[in-house]
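The block underneath contains the structure these notes are about, expressed in structure tokens.
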Protein chains: 2
Amino acid sequence: MKWTDLPDEDCSVARSVAVIGDRWTLMILRDLFLGVRRFEAFERRLGISRSIIADRLKKLVDEGVLRRDAYQENPVRHEYRLTNKGLALHPVMMAIVHWGDVHRAGAAGAPLIHRHKACGCDFAPVMSCSECGDRITARDVEVRARPR
Amino acid sequence: MKWTDLPDEDCSVARSVAVIGDRWTLMILRDLFLGVRRFEAFERRLGISRSIIADRLKKLVDEGVLRRDAYQENPVRHEYRLTNKGLALHPVMMAIVHWGDVHRAGAAGAPLIHRHKACGCDFAPVMSCSECGDRITARDVEVRARPR
DNA sequence: TTGACTCAGTTCGGATTCAAGACTTAGTTA
DNA sequence: TAACTAAGTCTTGAATCCGAACTGAGTCAA
């Protein structure tokens with residue numbers, strides 16, 4: 001298998017990874033969730049080459065994860081915003097941040113704090129069951145193929 | 001910035017991405033969560049070159065995500081198992097699967113079904129607040145830097 | 001005891017991708 | 001007229017990827 005075959009696999013991981021399974025794509029998504037929208041801001045924050053940023057943004061737009069909107073005319077300038085499909089990646093980002101906070105933070109601890117606006121608490125993201133609401137760990141889940 | 005600098009960034013996303021931000025690493029982790037443990041099985045399932053598998057497995061072992069255990073002597077053969085640090089990636093995988101199920105599945109729908117053993121229901125993974133238990137979306141979260 | 005087979009890798013080398021820096025375009029400000 | 005801004009594109013050497021072949025340590029069948 002080549003990675004170009006990933007989108008055609010009958011597996012949701014493969015199909016997702018085809019979109020987000022790239023270092024810089026994930027870093028750009030991080031910044032998007034922090035409110036960054038302009039090309040130049042990505043460049044300044046990430047310090048990577050413009051060609052990589054242009055390429056990744058274009059792919060995300062093609063996938064429907066981002067929308068490219070004009071924010072001024074003369075000259076026309078665009079900004080990149082998460083679509084609903086892109087916003088739906090929030091649990092993925094939260095899970096990645098949380099794992100990094102717990103398992104890869106230095107002595108200084110987590111660099112960022114997340115506050116839940118509704119309850120006012122600083123929180124950790126928890127994966128739970130849509131049906132009963134209980135917290136879910138790897139051992140609680142039984143996987144089987146969906147009957148066709 | 002080069003990607004080799006990612007582990008040193010003061011950002012949990014960057015530090016996590018340095019470990020899991022790679023297509024084949026994510027595909028290997030998928031199989032690990034499905035119970036695959038042996039080199040030959042990864043090769044058969046993924047159909048990619050042995051050198052990639054060997055490289056990714058070694059990196060995951062170095063990072064403490066996997067443990068390399070002997071399962072027989074004469075000749076000695078090893079298998080790869082998720083450590084607790086690796087099992088902690090479960091929410092990341094579930095979030096990725098779920099996004100793929102919802103936003104990238106074909107007409108046939110999600111290929112796999114997840115059942116919560118405790119409540120017996122087929123479920124979707126939901127990201128919720130560790131403090132109040134409510135479901136969390138991107139708009140519910142306020143991010144700020146942790147004071148030093 | 002020769003040959004085929006298994007599992008778990010390593011090595012090699014050509015093709016692909018990455019990524020820094022220079023260049024482009026279109027308009028603005030000094 | 002020159003410098004500046006935002007958002008890219010182009011070029012080119014370097015790094016990485018990855019398929020194919022090879023290695024090694026043992027088993028099994030004839």
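Side-chain atoms are counted along with the backbone in the values below, which use heavy atoms only and exclude waters and symmetry mates. In this text, all values refer to a predicted model and were calculated from it rather than measured experimentally. Here is how names work: the chains are called A, B, and so on, in the same order as the sequence lines, proteins then strands, and each is numbered from 1.
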Give me the distances for all protein-to-nucleotides 5-8 of chain C N/O pairs that come in under 3.5 Å?
unit_1: C/dC7; atom_1: O4'; unit_2: B/Arg77; atom_2: NH1; d: 3.0
unit_1: C/dC7; atom_1: O3'; unit_2: B/Tyr71; atom_2: OH; d: 3.4
unit_1: C/dC7; atom_1: O2; unit_2: B/Arg77; atom_2: NH2; d: 3.2
unit_1: C/dA8; atom_1: OP1; unit_2: B/Tyr71; atom_2: OH; d: 2.9
unit_1: C/dA8; atom_1: OP1; unit_2: B/His78; atom_2: O; d: 3.3
unit_1: C/dA8; atom_1: OP2; unit_2: B/Glu40; atom_2: N; d: 3.0
unit_1: C/dA8; atom_1: N7; unit_2: B/Arg50; atom_2: NH2; d: 2.7

List every contact pair, protein side and nucleotides 14-18 of chain C side both N or O, where the distance is under 3.5 Å.
unit_1: C/dC18; atom_1: OP1; unit_2: A/Arg56; atom_2: NH2; d: 3.4

Quick one: do A/Arg104 and B/Glu63 satisfy salt bridge (Lys or Arg N to Asp or Glu O under 4.0 Å)? Show the steps, please.
CA-CA 10 Å; A/Arg104 311 245 324 148; B/Glu63 292 292 344; 2.5 Å; yes
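Applying the ring pair (Phe, Tyr, Trp, His ring centres under 6.0 Å) rule to pairs touching residues 8-36 of chain A yields A/Phe33-A/His90, sequence neighbours excluded.
Within the nucleic acid shown, A/Ile48 comes within 4.0 Å of sugar-phosphate atoms alone, with no base atom in reach, counting heavy atoms only.
Take the nearest nucleotide of DNA chain D for A/Ala54 and for B/Gly47: the residue whose nucleotide is more 5' is A/Ala54.
Of all heavy-atom pairs between B/Val13 and A/Leu26, the closest is CG1-O, 4.5 Å.
One can place CZ of A/Arg44 at 10 Å from P of D/dA7, the figure rounded to the nearest angstrom. As a whole-Å value, the separation of A/Arg45 CZ from D/dA6 P is 16 Å. As a whole-Å value, the separation of B/Glu43 CD from D/dC18 P is 15 Å. Taking atom CD1 on B/Ile53 and atom P on D/dC17, their separation rounds to 14 Å, with Å as the unit.
Atom NZ of A/Lys117 has more than 12 neighbouring heavy atoms from other residues, nucleotides or ligands inside a 6.0 Å radius. Environment of CZ in B/Arg144: crowded, with over 12 heavy atoms of neighbouring residues, nucleotides or ligands closer than 6.0 Å. Residue A/Arg135 qualifies as open at atom CZ: its count of foreign heavy atoms under 6.0 Å is 12 or below.
Paired with A/Leu32 under the rule side chain to side chain contact (heavy atoms under 4.5 Å, CB included), one option of A/Leu66, A/Val65, A/Leu89 passes, and it is A/Leu66.
One cannot find a donor-acceptor pair under 3.5 Å joining the base of C/dG21 and the side-chain atoms of A/Ser49.
OP1 or OP2 of C/dT10 has at least one side-chain nitrogen or oxygen of B/Lys58 nearer than 4.0 Å.
Both cation-pi conditions hold for A/Arg38 and A/Tyr71: the charged atom is under 6.0 angstrom from the six-membered ring centre and inside a 45 degree cone around its axis.
Nearest nucleotide to the A/Pro75 side chain, out of D/dA20, D/dC10, C/dG27: C/dG27.
B/Lys59 NZ to B/Asp22 CG: the interatomic distance, rounded to the nearest 0.5 Å, is 7.0 Å.
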